[in-house]
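Read the numbers this way: they start at 1 and go in the same order the structure lists the ligands and their atoms. Quick caveat, the model's predicted, so the values are computed rather than measured.
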Amino acid sequence: MALNGHCMCGSVTWAYSGEITRNLVCHCADCQRATSAPFTAFLGMRPDQLNRVGDITHYESSPGTFRGFCPSCGTRLYFRSDKWPSEIHVHAATMTDPAEYRPDAQVLMRSRVQWLDQLRSIPVHEGFQQAPSTRLR
Ligand SMILES: [Zn+2]
Ligand SMILES: [Zn+2]
């Protein structure tokens, strides 16, 4: 499987051809905080087969666990942990074509944000809303 991706500003690019070791949505509180998003999705890759180009800054979010991001635009690129030295978890949203992405599993459900259950009943708009909502849900 050949995949590639990049950060928002394009300073960092990645390319991978190899086995996908995990393909999952993570609902853990650390990922929510680190990505400023209700959840994130990862593709597990073999570090020696992942070709990264560009400057990447690492934040140690817990001992032996590092979150790599672009120092220019702040895009989160991956998560890696000394607990899983043969894997690097690349954020699926950084794929060149994230629309191709389909996760296989969801993990850490105990911290899943509860409003995800109501997504289908929340009003939708094709563009950004013209006026701010007056209701706080
Ligand atoms: Zn960038
Ligand atoms: Zn997580």
Let me check your reading of the structure: within less than 2.8 Å of the Zn ion (ligand 2), is there an N/O/S atom from His27?
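Here the distance criterion (N, O or S atom, under 2.8 Å) is not met by His27, so no.
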
Audit row: Phe39, Leu116, side chain to side chain contact (heavy atoms under 4.5 Å, CB included) steps and yes/no:
CA-CA 10 Å; Phe39 59 86; Leu116 285 177; 3.7 Å; yes

Angle at the Zn ion (ligand 1): provide the value between SG of Cys7 and SG of Cys9, rounding to 10 degrees.
110°

Could you pull out the closest heavy-atom pair between Thr75 and Cys7, with the gap in Å?
CB-CB, 3.7 Å

Looking only at heavy atoms, which two atoms of Arg46 and Ser86 are closest? And how far apart?
NH1-O, 2.9 Å

Report yes or no: does Cys73 have an N/O/S atom closer than 2.8 Å to the Zn ion (ligand 1)?
yes

Quick check for you: with the Zn ion (ligand 2) as the vertex, what angle do SG of Cys28 and SG of Cys31 span, to 10°?
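About 110°, to the nearest ten degrees.
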
Which label fits Phe42 and His89: parallel for a plane angle under 30°, tilted from 30 to 60°, or perpendicular past 60°?
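Rings of Phe42 and His89: tilted, 30 to 60°.
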
